[in-house]
Amino acid sequence: MATELPKAYDPKAAQEKWLTFWEERGYFHCKPDATKKPYTIVIPPPNVTGALHMGHALNNTLQDVLIRWRRMQGYNALWMPGTDHAGIATQSVVERLVMAQEKKTRHDLGREELVRRIWDWKDKYEARILGQLREIGASCDWKRTRFTLDPVCARAVRETFFRMFRDGYIYRGKRLVNWDTSLQTSVADDETDTVPTKSGFWTFKYRVDGSPDTFIAFSTTRPETMLGDTAVCVHPNDERYKHLIGKLVTQPHTDRKIPIIADGQLADPKLGTGCVKVTPAHDPNDYACWQRHPEIGIINILNPDGTINENGGEYKGLDRYKAREAVTKKMEELGLYVGKEDREVPLKISDRSKTPIEPYLSDQWFVKMSDRTDGKPGLAQMAMDAVTSEKVKFFPERYKDGYLAWLGEKRDWCISRQLWWGHRIAVWTRTFTDRKTFEDTLVLEAGGWSSIPHVAWTAQDDTMAVHVCLEYDDPDMIAALTGDGFTQSDDVLDTWFSSALWPHSTLGWPGPTLPEEKAGREAPDWEKMRSFYPTSTLVTSRDIITLWVARMVITGLYNVGDIPFRDVYVHPKVMDGFGETMSKTKGNGVDPVDIINLYGTDAMRYGVVKLATETQDSRMPVSNVCPHCGKDVPIKQEHMYMRTKKLVCPSCKQSFRPGGPWPTEDPELKTAKQGSDRFEEGRNFANKMWNATRFILMNLDGYTPGPVDVASLPTEDRWLLSRLATTTKAVTAALEGYHFSEVARLVYEFVWSEFCDWYIEMSKGRLKDPATRAPAQRVLTGVLDGILRLVQPVMPFLAESLWAALSEVAPVRGLPTPTKAEESVVIAKWPTYPEAWIDAPVEARFARMQDLVRSVREVRNRYQVDDKTRLDVSVKCSDIVAADFNALSAFIGPLAGIATLTAGPTAVKPKQAGGIVRPEFEAYVSLSGLIDPAAEIKRLDKQIAEKRKALDGVNAKLNNEKFMKGAPPEVVQQQRETVVDIEKQIAAMEENLRDLQTA
RNA sequence: GGGCGUGUAACUCAGCGGUUAGAGUGCCUCCCUUACAAGGAGGAAGUCGGGGGUUCGAGUCCCUCCUCGCCCACCA
């Protein structure tokens, strides 16, 4: 009946088998259930820009550990999967592809076609990403997979926008954007390149009004922007200029009078002349200054094509660079030119058109974050309160500081993007040229709109625009608006706007709101799924705490009236072997599937869990695994980032392409997989558990289940159960505190160093003896059962394989009372053991016996005693060891290669003194004729000296009055015991030394 | 520039106020002992980044300098 397991664990077979099994059983699908407590995690939706790397594998493995653990604890555990459309990032990836393959810009394709191409891309990478997640064993509820642009999410986005618009949180405002004058569009920061460019650094001066001889000098790299100056600015404490603050100067090209203002944030007395011109419409810093000093005004001098507009007076129509020359020339003529130095300046260039970017003032949509005066809550404050009140907790806690500081600025959130890939903004706008018509329209139409519940509107006085927002696409209303000259905005929403809703949009919020939904057709499931909200834990990376986490808290509170998650666990980052964080853009990401193929999924998961420590980011040095001969080829930095196209294997001399996230296969050259020895520990550990189980299964003939009375068990069993109970408790606590690395460490140590190295070895003798075989079998199966449960969250494929094998032979097992095992370890109960099992005295006794065994082995090794020679060991035991001695000697003997182990109140010294070992046991090992006395004397001398040094240190403490007064009694006691201990050791060693010297 | 981290054995990391500082890998010696050579037994290897301080006691707390990393600002 014994089952014979193969000799080594084959991860690949296990992965395929159990993935199918779990999905068939539907363990991961989760429905609302009033009888169970919910535990919910929403996945941080990966961007559909490309495949996942090890950073994602870490993030998702940790979520899976939590979900699998809570599922075992009996929670209704829902892990919501999905992906993010990632606006600009995805659009640029596809645009670059189109450019590379067809030499076409998005304008050549047109909006509809480009968006279609992006959907194709999305389909491809979404499938790839979800496949990768499945492969790492993620126990997501796949049936609920969402995408931030799918209809359910779109509904939530639309509803949120409408409500915020209606409640006055969304407004139209000005913002400086990066303007591409050639494509005449705004571009995002990450679509620009900053290149050092040779240019000038001009210094000019303006004449101070009222005193013909007083000038104020300033410098600029862009003289043409003088046309838009609305102030000059000095530092409030700058003695050179203090007396000028508040005076006016003349801007000579436009003949405008502009003030000298003081602003400590803009002007730095140490830089340049200490005085700076202020051009709010064309410089981000000046713009910020204007926001602090709105009275100075803001003047836009550019047309969208980069020529000067009517505000530039006589320079109107000139290209900005022509204007630069003309403006400078005029200053020279007026004697206001001070000088020019040649300088390299950072120039922002558009990625797309390769032309210089101009900061350009444009109208954008914003979400107001600051406090409100009308009684409605301020959004930023609301989200801050959720964290300061500890409704939302950060792990590790320090991350809450960054969150609070960022929200504390209460900066409004610009949510409109001039892109084609995203949620299009549902606002229809009409801009008037004539103020009377504008005002008349408001009087006539606005009253009517106000009475329609799904319509909201605002009027923008400065641009004479009317904006109408619709809660849903009401065809009649759209027709009416279009007929009146309204057009829908071309802009889409910032991608974070939709991901901000992720925890509730994926659960179906807002539920039925549309007329057809209310009529019963296809309503999202919010009512039913509401019980999964707030979600339990968010597992994320620290760089999106502000962009994403903060915004989820805001929208959760605003939309649902409750926080989106209780805990935020921020995990460390995976860096490459050279200390740089892995990222798609850098190209140093390692594909988890490479690691899985080389080491197995369980090993990959164990590796990343081990890596998730409290404070540190972890390096993951990789090597290229030669695709021809399988040898590891060490990696150099220049092989990374896909810089090196070809390498030659030093061992088989064949060429290959270094591993990396290459976009395409190379038909000519095989690509290396990337390996990392950081995963060997996990692979070895999996194999160790496999073989431990294999051993147990080979020894289960005649197994019968039965209750186990722990108190009557031999010492080693009680020790093992004490260790199991302690470990289980510690693992549970580590999971509760998100100490993932600790979880891996604890399980590893218990299984390998305690269960395998000691207990299984000891059990070998007992299994041969019919009298002791049955209880040993029960303990072995019972403890293995517990181990598999503890290991399941981290190494589910291995655990399931062994669970199934064990269940074939011992379906009824467990301690102290056996029960029928669940059909899968995935749904098995998380273990808890009686507190009474934890037995410190037994653990202490056992530790001393381990020391004794190790000592004898050390002597054997030192003197190269061959393993067939059995040694005589004599131990003096007058204390607790004596009590266990007889019971323990039976198995210690074989373990340490001891022939006879004698014990008594006095130890019997062998005729020829040999290695005295572990003086605390006063144990003698007979090594007649085997030792070299001179070498042994030398060794003992060295050891005694070391011990004396340690003793001196401890004695110094005990002779220190302050220590005796200041230290707690238990520490003093501990030190005293140490002294006795060391003295005993020294005495024993000295005695041994004397024996050797006389011999 | 501001903030947050980080520096411990050759490598990757634990330890975060209290015995004589640990693990895995690598290295050295021995062993293919029927669970496992992806293994077993043993060993060598560390002035815990530098310098000050607090404390009876400091990898552990404070200050400072240096290294590296991340985030945020900024570069007239």
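To find a chain, count down the sequence lines: A is the first, B the second, and so on, and within it residues start at 1.
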- Query: Counting side-chain heavy atoms from C-beta on, which of U29(B), C36(B), A76(B) comes nearest to K688(A)?
  - Reply: C36(B)
- Item | Which nucleotide in U29(B), A35(B), G43(B) has an atom nearest any side-chain atom of E858(A) | G43(B)
- Query: G59(B): syn or anti, with syn meaning chi within 90° of zero?
  - Reply: syn
- Item | Whole-angstrom distance between U34(B) and U29(B), as gauged at atom P | 24 Å
- Can a salt bridge be assigned to the pair D851(A) and R854(A) using a cut-off of 4.0 Å between side-chain N and carboxylate O? yes
- Message: Can you tell me the base-pairing partner of A23(B)? Count Watson-Crick or G-U wobble geometry only, both distances below 3.5 Å, and say none if there is no partner.
- Response: U12(B)
- Would you mind telling me which of V249(A), V338(A), I216(A) makes a side-chain contact (heavy atoms from CB on, under 4.5 Å) with K205(A)? V338(A)
- Starting at atom CE of M964(A), determine the distance to atom C1' of G18(B), rounded to an integer number of angstrom. 14 Å
- Is R542(A) close enough and on-axis enough to W406(A), meaning under 6.0 Å and within 45°, for cation-pi? no
- How is T581(A) classified with respect to the nucleic acid when contacts are heavy atoms under 4.0 Å: base, sugar-phosphate, or nothing? sugar-phosphate
- Task: Would you indicate which nucleotide in A35(B), A76(B), A38(B) comes nearest to any side-chain atom of A8(A)?
- Result: A38(B)
- Message: Counting the atoms with a prime plus P, OP1 and OP2 as sugar-phosphate, which does C756(A) contact under 4.0 Å by heavy atoms, base, sugar-phosphate, or nothing?
- Response: base
- Item | Upstream residue (5' side of RNA chain B) when F695(A) and R683(A) are each assigned their closest nucleotide | F695(A)
- Query: What is the nucleic acid contact for Q975(A), judged by heavy atoms within less than 4.0 Å: base, sugar-phosphate only, or nothing?
  - Reply: nothing
- Looking at K573(A) and D543(A), does any basic side-chain N land under 4.0 Å from a carboxylate oxygen? yes
- Item | Length of the CG-P vector between L798(A) and C36(B), whole Å | 17 Å
- Task: Give one of base, sugar-phosphate or nothing for Y748(A), where a contact means two heavy atoms less than 4.0 Å apart.
- Result: sugar-phosphate
- At under 4.0 Å between heavy atoms, what does T613(A) touch on the DNA or RNA strands: base, sugar-phosphate, or nothing? sugar-phosphate
- Query: If we take the P atom in both G59(B) and G49(B), what is their distance in whole Å?
  - Reply: 10 Å
- Query: If you look at every strand shown and take non-hydrogen atoms under 4.0 Å, does F218(A) touch a base, only sugar-phosphate, or nothing?
  - Reply: nothing
- Against the side chain of N684(A), the closest entry in C4(B), G39(B), C36(B) is G39(B)
- Item | Sugar-phosphate only, base, or nothing, as touched by E961(A) at under 4.0 Å among non-hydrogen atoms | nothing
- Item | Nucleotide nearest D543(A) (side chain, heavy atoms from C-beta), chosen from A35(B), C13(B), C71(B) | C71(B)
- Query: How far does the C1' atom of C71(B) sit from the matching atom of A10(B), given to the nearest Å?
  - Reply: 33 Å
- In whole Å, what separates the C1' atom of G46(B) from that of U8(B)? 7 Å
- Quick note, P621(A) side chain, CB onward, closest among A76(B), G42(B), U12(B) is U12(B)
- Message: Heavy atoms only, 4.0 Å cut-off, all strands: where does D617(A) land among base, sugar-phosphate and nothing?
- Response: sugar-phosphate
- Provide, to the nearest angstrom, the distance between the CH2 atom belonging to W752(A) and the C1' atom belonging to A35(B). 12 Å
- Message: Quick check on RNA chain B: between R745(A) and M575(A), whose nearest nucleotide comes earlier from the 5' end?
- Response: R745(A)
- Query: Q850(A) CD to G40(B) P: how many Å, rounded?
  - Reply: 15 Å
- Task: Could you please name the option among G42(B), C13(B), A35(B) that lies closest to any side-chain atom of A692(A)?
- Result: A35(B)
- Task: Indicate, with a heavy-atom threshold strictly under 4.0 Å, whether R678(A) touches base, sugar-phosphate, or nothing.
- Result: sugar-phosphate
- Gap in Å between the two P atoms, one belonging to A21(B) and one to A9(B), rounded: 15 Å
- Task: Starting at atom CG of N959(A), determine the distance to atom C1' of G57(B), rounded to an integer number of angstrom.
- Result: 15 Å
- Answer with base, sugar-phosphate or nothing: what part of the nucleic acid does K7(A) contact at a heavy-atom distance below 4.0 Å? sugar-phosphate
- On a whole-Å scale, what distance lies between the P atoms belonging to G40(B) and G24(B)? 10 Å
- Between G39(B) (C1') and D757(A) (CG): distance, integer Å: 10 Å
- For R542(A), which contact category applies under a 4.0 Å heavy-atom criterion: base, sugar-phosphate, or nothing? sugar-phosphate
- Message: The side chain of E681(A) is closest to which nucleotide in this list: C13(B), G24(B), A76(B)?
- Response: G24(B)
- Query: Between A76(B) atom P and I261(A) atom CD1, what is the distance in whole Å?
  - Reply: 18 Å
- hbond_proxy E409(A) side chain to A73(B) base (donor-acceptor, 3.5 Å cutoff): no
- Message: I'd like to know if R240(A) pairs up with D238(A) as an ion pair, taking the criterion as any Lys NZ or Arg NE/NH1/NH2 lying under 4.0 Å from an Asp or Glu carboxylate oxygen.
- Response: yes
- Message: Going by side-chain hydrogen bond (donor to acceptor under 3.5 Å, both in side chains), T279(A) matches just one of N285(A), D229(A), T230(A). Which one?
- Response: D229(A)
- Taking the P atom of each, how far is G53(B) from G26(B), in whole Å? 43 Å
- Take atom CD of E749(A) and atom P of A23(B), then tell me their distance rounded to the nearest Å. 9 Å
- Inspect the contact between R411(A) and E409(A) and indicate whether a charged nitrogen and a carboxylate oxygen are less than 4.0 angstrom apart. yes
- Message: Does this structure show an ion pair linking K340(A) with D342(A), if we count only N-O contacts that are shorter than 4.0 Å?
- Response: yes
- Message: Rounding to an integer number of angstrom, what distance separates A44(B) and C62(B) when you compare their C1' atoms?
- Response: 37 Å
- Task: Give a yes/no answer on whether the side chain of K764(A) brings an N or O atom under 4.0 Å of OP1 or OP2 in U34(B).
- Result: no
- Item | Closest nucleotide among C56(B), C36(B), G42(B) to the A967(A) side chain | C56(B)
- Message: Considering every strand and a 4.0 Å limit on heavy-atom distances, what is the contact class for S741(A): base, sugar-phosphate, or nothing?
- Response: nothing
- Item | Row check, F695(A) ring normal vs K764(A) NZ/CZ: under 6.0 Å, within 45° | yes
- Which of U29(B), A35(B), C74(B) is nearest the side chain of N285(A)? It is C74(B)
